[in-house]
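The next block holds one structure in the form of structure tokens; read it before the comments.
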Amino acid sequence: MKIQLRYFASLREALGPSEVLELAEPATIGAVRDTLIARGEPYASALARGRAVRTALDQVMAAESAPVGEGAELAFFPPVTGG
């Protein structure tokens with residue numbers, strides 16, 4: 001199955017704006033993140049466990065336990081501050 005990945009802010013600078021990821025089967029957001037970390041650098045440091053990274057699934061904030069299905073859009077971004 002294919003999903004669309006998007007990166008924002010500092011993650012976009014490290015990983016690029018977007019890419020398509022092909023997975024063997026449906027997964028959770030956490031499993032997708034682990035798959036990306038396993039690629040090595042620059043993914044390993046940009047998405048490292050313990051680093052504050054927020055995720056949105058189909059443009060709605062979602063927890064890492066949320067399932068990701070065919071054609072989903074998964075966005076990664078650092079916490080945003082501002083007023």
**Asked** If every non-hydrogen atom of Leu57 is compared with every non-hydrogen atom of Ala62, which pair is closest and at what distance?
**Response** CB-CB, 3.9 Å
**Message:** Under 4.5 Å between side-chain heavy atoms, counting indirect links through other Ile/Leu/Val/Met/Phe/Trp/Tyr residues: same cluster for Tyr43 and Ile29 or not?
**Reply:** yes
**Heavy-atom closest pair, residues Ala27 and Met1** = N-CE, 4.2 Å
**Asked** Are Phe8 and Leu74 connected in the hydrophobic side-chain network, where two residues link if heavy atoms are under 4.5 Å apart?
**Response** no
**Item:** Residue pair Pro42 / Leu15: nearest heavy atoms and the distance that separates them
**Value:** CG-CD2, 3.7 Å
**Message:** Let me confirm one number: the CD1-CG distance from Ile3 to Asp58, rounded to the nearest 0.5 Å.
**Reply:** 10.0 Å
**Prompt:** Closest approach of Ala14 and Ala46, non-hydrogen atoms and distance?
**Reply:** CB-CB, 4.3 Å
**Asked** Linking I/L/V/M/F/W/Y whenever their side-chain heavy atoms sit closer than 4.5 Å, directly or via other members, would Leu21 and Leu47 fall into one cluster?
**Response** yes
**Prompt:** Under 3.5 Å, side chain of Gln4 to main-chain N/O of Glu19, donor-acceptor pair present?
**Reply:** yes
**Complete:** Residues Val53 and Arg33: closest non-hydrogen pair is CG2-NH2, 3.7 Å
**Prompt:** Say you draw a straight line from CD1 of Ile37 to CZ of Arg51; how long is it, rounded to the nearest 0.5 Å?
**Reply:** 10.5 Å
**Prompt:** Relative to the ring of Tyr7, is the ring of Phe76 parallel (under 30°), tilted (30 to 60°) or perpendicular (over 60°)?
**Reply:** parallel
**Request:** Check for a donor-acceptor pair, side chain of Arg54 on one end and backbone N or O of Met61 on the other, with a separation under 3.5 Å.
**Result:** no
**Prompt:** So does Glu70 have more than 12 non-hydrogen atoms from other groups sitting under 6.0 Å from CD?
**Reply:** yes
**Item:** Closest contact, heavy atoms only, Val68 versus Thr28
**Value:** CG2-C, 3.9 Å
